[in-house]
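Okay, so here's the structure we're looking at.
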Amino acid sequence: QVQLVESGGGLVQAGGSLRLSCAASGLTFSSYAMGWFRQAPGKGRQLVAAISASGDNTYYANSVKGRFTISRDNAKNTVVLQMNSLKPEDTAVYYCAANRGPWYSSSWYNAAAYNYWGQGTQVTVSS
């Protein structure tokens with residue numbers, strides 16, 4: 001059974017930092033691109049960052065570029081989202097997800113193409 005378990009969410013003041021982790025089990029982690037999505041109340045699910053299976057390629061939404069960093073450790077089956085200079089508009093539930101498609105196909109850009117999802121972790125940034 002595949003499991004993706006996020007941790008590290010919480011309440012932080014604007015300008016602060018949080019580190020989200022996603023621990024994967026039950027899948028060949030090194031074969032999956034990984035994405036971090038977020039969903040704010042009343043809004044759709046947004047891709048925040050993605051990383052290829054090997055870790056050689058990354059993508060960031062313009063809204064987080066320069067503030068967030070995605071990384072992975074295939075030996076530990078984990079993917080991390082380091083979030084710095086947080087803003088109130090970053091408040092959302094954050095989800096990690098696994099995508100089996102090859103990086104060059106850009107399927108990782110589409111939430112519907114992800115095979116597995118975590119349960120989400122709440123991030124709240126106060127002003």
Side-chain angles (χ1 to χ4, degrees):
Q1 182 180 358
V2 175
Q3 281 193 311
L4 300 178
V5 180
E6 300 99 335
S7 61
L11 173 64
V12 64
Q13 287 189 331
S17 298
L18 283 174
R19 181 180 174 91
L20 304 184
S21 293
C22 174
S25 60
L27 75 170
T28 305
F29 183 72
S30 60
S31 295
Y32 286 78
M34 298 297 295
W36 282 98
F37 290 79
R38 66 186 180 188
Q39 188 164 17
K43 295 189 177 182
R45 196 164 290 193
Q46 175 197 18
L47 176 64
V48 174
I51 188 166
S52 61
S54 65
D56 290 341
N57 299 286
T58 57
Y59 163 85
Y60 296 95
N62 286 335
S63 57
V64 307
K65 204 171 291 184
R67 300 188 297 123
F68 291 10
T69 303
I70 188 171
S71 61
R72 66 188 296 158
D73 185 336
N74 285 347
K76 296 182 178 180
N77 287 6
T78 58
V79 59
V80 169
L81 185 68
Q82 177 67 42
M83 306 187 295
N84 299 327
S85 302
L86 283 161
K87 303 175 181 181
E89 51 263 44
D90 294 319
T91 295
V93 178
Y94 283 71
Y95 301 88
C96 74
N99 174 268
R100 188 63 180 87
W103 186 259
Y104 63 80
S105 72
S106 297
S107 62
W108 46 266
Y109 195 79
N110 181 3
Y114 280 75
N115 305 95
Y116 305 105
W117 290 83
Q119 82 288 351
T121 186
Q122 177 70 47
V123 170
T124 303
V125 184
S126 63
S127 56

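The shown structure was predicted, so the numbers you read here are calculated from the model rather than taken from an experiment.
- Two different hydrophobic clusters hold Val64 and Tyr95 under the rule that ILVMFWY side chains link at heavy-atom gaps under 4.5 Å.
- For the atom pair NZ of Lys87 and OG of Ser63, the computed distance is 8.0 Å after rounding to the nearest 0.5 Å.
- Legend: residues meeting salt bridge (charged side-chain N to carboxylate O under 4.0 Å, His left out) with Arg38, ordered by chain and number and at least two apart, are Asp90.
- Residues Tyr109 and Trp103 share a hydrophobic cluster, clusters being chains of Ile/Leu/Val/Met/Phe/Trp/Tyr side chains in contact below 4.5 Å.
- Inspection of the Thr124 and Gln122 side chains reveals an N or O donor paired with an N or O acceptor under 3.5 Å.
- To the nearest 0.5 Å, the span separating CG on Asn74 from OH on Tyr32 amounts to 13.0 Å.
- For the atom pair CG of Leu47 and CH2 of Trp36, the computed distance is 12.5 Å after rounding to the nearest 0.5 Å.
- In this structure a side-chain-to-backbone donor-acceptor pair under 3.5 Å is missing from Thr58 to Ile51.
- The nearest pair of heavy atoms linking Ala40 to Ala92 is N-CB, 3.8 Å.
- Here the straight-line distance linking atom OG of Ser105 with atom CG of Asn99 works out to 6.5 Å at 0.5 Å rounding.
- Annotation: side chain of Met83 is in contact with side chain of Val123 (closest heavy-atom distance under 4.5 Å).
- Across all their heavy atoms, Tyr114 and Asn110 have their closest contact at CD1-O, 3.3 Å.
- Between Tyr59 and Ile70 the shortest side-chain heavy-atom distance does not fall below 4.5 Å.
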Tabulate below the donor-acceptor pairs under 3.5 Å that side-chain atoms of residues 9-29 make, not counting sequence neighbours, or state none.
| unit_1 | atom_1 | unit_2 | atom_2 | d |
| --- | --- | --- | --- | --- |
| Ser17 | OG | Asn84 | OD1 | 2.9 |
| Arg19 | NH1 | Gln82 | OE1 | 3.4 |

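- A donor-acceptor pair is defined here as one N or O able to donate and one able to accept, closer than 3.5 Å; such a pair exists between the side chain of Arg67 and the backbone of Ser85.
- When all heavy atoms are compared, the tightest approach of Ala49 to Leu81 is CB-CD1, 4.1 Å.
- Because its NZ or CZ atom is not both nearer than 6.0 Å to the ring centre of Trp108 and within 45° of the ring axis, Arg100 does not count as a cation-pi partner of that residue.
- Within the model, atoms CG of Asp73 and OG1 of Thr78 stand 4.5 Å from one another, a figure rounded to the nearest 0.5 Å.
- Looking at Met34 and Tyr116, their side chains never come closer than 4.5 Å, going by heavy atoms from C-beta outward.
- Note that CG of Leu4 and CG of Asn77 are 10.0 Å apart. Values are rounded to the nearest 0.5 Å.
- Aromatic pair Phe37/Tyr94: ring centres not closer than 6.0 Å.
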Are Val48 and Tyr60 close enough, and set up right, to give a side-chain contact (heavy atoms from CB on, under 4.5 Å), and what steps lead you there? CA-CA 6 Å; Val48 174; Tyr60 296 95; over 6 Å; no
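- For Ser30, the side chain to side chain donor-acceptor pair (under 3.5 Å) criterion is met by no residue, not counting sequence neighbours.
- When all heavy atoms are compared, the tightest approach of Ser127 to Pro88 is CB-CG, 3.8 Å.
- Minimum heavy-atom separation, Trp117 to Ala111: CZ2-O, 3.4 Å.
- Heavy atoms only, all atoms of each residue included: Ala61 and Gln46 are closest at CB-NE2, 4.1 Å.
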